[in-house]
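Worksheet: one structure, shown below.
Just so it is clear: chains get the letters A, B, ... in the order the sequence lines come, proteins before strands, and each one is counted from 1.
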Number of protein chains: 2
Amino acid sequence: MREYKKRSRVLLIDDNAEHLRGVKELITLESSYDVAGATTNANIGINLAKKYRPDIILMDINMPEKDGLQAIQELEKLDIGVKVIALSAYDDADLIFRAMKIGAKGYVLKTMASAQLIYAMDEVTSGKVYLPTALTSRFFEYFQRSFKNEANNSQEENLLTYLTAREEEVLDLLTQGNNYKGIAGKLFISETTVKTHVNNIFQKLQVNDRTQAVLYALNNGFANRRHTKMAV
Amino acid sequence: MREYKKRSRVLLIDDNAEHLRGVKELITLESSYDVAGATTNANIGINLAKKYRPDIILMDINMPEKDGLQAIQELEKLDIGVKVIALSAYDDADLIFRAMKIGAKGYVLKTMASAQLIYAMDEVTSGKVYLPTALTSRFFEYFQRSFKNEANNSQEENLLTYLTAREEEVLDLLTQGNNYKGIAGKLFISETTVKTHVNNIFQKLQVNDRTQAVLYALNNGFANRRHTKMAV
DNA sequence: GAATTCATCAATCCAAAGATGTAGGACAAA
DNA sequence: TTTGTCCTACATCTTTGGATTGATGAATTC
């Protein structure tokens, strides 16, 4: 018994009414959590979350109409401190990755034992992020693959290396959405000079216009060296 | 006994000679792994790896001279299929993240029970990625925090939601570097129609030209759901 | 059935972007 | 000193992009 501590409240969102009922029963009977609400509709679920402020939400992410991932994202944006555990029928690395990326505190397969779900809830309640070992492994396969590709890309040959320092400056300003005038103003040079630079950049990057140049820059680890792209 | 299967070979790299000896003994006595080599020097370790092709490397990443992380990176570049498990005294989220990012197949604390280390080796040998639960949680704290900052930027309001389906298609093609003609051709509509859509997009996204529209799209989780920038 | 919304297309006009060629001065390397 | 690279700058010309207005049919909503 841990009646001395406030029981955590759980909100259930699952478009499969049957599964919803099953989980509700499971939690009611086999855990120390209170079910604060249960719905088959994601939008209603979000509103319930706003209203009742549950500690945890179990969110089915395989819903046809409203995407569960999107719902998680909206909940995170609300910033009401609710911890979302994604429930899914699939162990797709991609799905797991996206769920965790947008802030899910856990990811549990529907096929997993009920004890696992309750354990996940316990861990998440205590402030941790919980992923079953098997899913962790899948997650990292995806995670590492996405960085590996990146390494390979930069290995091939980065046309950006052919740019002069000045051209890099210009390209940097291009990637911030500046036009010729804006760049000229910021670099204290004439607009025609900027045009010259930009044309040289096009030649070196083998592109036809500024949009393509910007895209090339962003996709090849340009500038914002603080950021690394990542497949999602 | 599983003498029927080829015993996996392990290479140990740890600048702490004492710890190195301890691990070696542990593996020799309490596991079914063979120690293919052991060294206190990362560079020598890399050479040993090239020479003896171990299945697994246990790499201390808290070494003063040569950074263990860098060593892992070099090993990954060699692409000899060796699986590296990072050994560390610290459970810094940052360290864990970086180790996993560059391709470590596991991360185990030196303070953890020896059984945990051997379990990690088993998991990694079987092709999985292994992180102890506690470290997984830390990893995800870091992981999610880095995405959260990103999300906050778009927290204000995502103008992309105002786009119609068709406009999204057009914007998607814009983010691939297409000009009017290219988009018209791909959508089988006239160029003027594309112009109309693009203009509407500009209005909705409150930008002045296609480059800014593309940048807005990329920075606000548009389509291109394949790529997301990430602080590293 | 009226009102909206959306996708489609067009004409016009002006601004911006892009292509091309030329050229001078600074600077560094050969 | 010469050669080469880079940054600067301009002129000219063509193409593309962008703003604005208006119009039609289809689908949806009220």
Using nucleotides 27-30 of chain C, report all nitrogen or oxygen pairs with the protein that are shorter than 3.5 Å.
none

Between OH of B/Tyr162 and C1' of C/dT5 the distance, given in whole Å, is 16 Å
### Message
If the threshold is 4.0 Å, N to carboxylate O, is there a salt bridge linking A/Arg166 and A/Glu169?
### Response
yes
Closest non-hydrogen contact found for A/Arg53 with A/Lys50 is NE-O, 3.2 Å
Inset, instruction - Measure the shortest side-chain to side-chain distance between A/Leu95 and A/Ser88 over non-hydrogen atoms and say whether it is less than 4.5 angstrom. - result: yes
With five pairs defining each end axis, the helix from C/dG1-D/dC30 to C/dA30-D/dT1 comes out bent, to 10°, by 50°
The residue among A/Glu25, A/Lys24, A/Glu30 that forms side-chain contact (heavy atoms from CB on, under 4.5 Å) with A/Thr28 is A/Lys24
Rounded to the nearest 0.5 angstrom, the OG1-CG distance for A/Thr175 and A/Leu215 is 11.0 Å
Under a 4.0 Å heavy-atom criterion, the protein footprint on nucleotides 7-20 of chain C, written with B, S and -, is SBBB------BBBB
Heavy-atom closest pair (B/Asn179 atom, B/Gly182 atom, distance to 0.1 Å) is OD1-N, 2.8 Å
To the nearest angstrom, the CG-C1' distance between B/Leu163 and C/dT5 comes to 15 Å
**OP:** Please determine if B/Arg138 forms a cation-pi arrangement with B/Phe143, meaning its NZ or CZ atom is less than 6.0 Å from the six-membered ring centre and no more than 45° off the ring axis.
**Re:** no
Here the pair of heavy atoms bringing B/Val170 nearest to B/Val198 is CG1-CG2, 3.7 Å
Establish, yes or no, whether the cationic atom of B/Arg210 lies under 6.0 Å from the six-membered ring centre of B/Tyr180 and within 45° of the ring axis. yes
Ring-ring centroid check A/Tyr107 A/Phe139, cutoff 6.0 Å = no
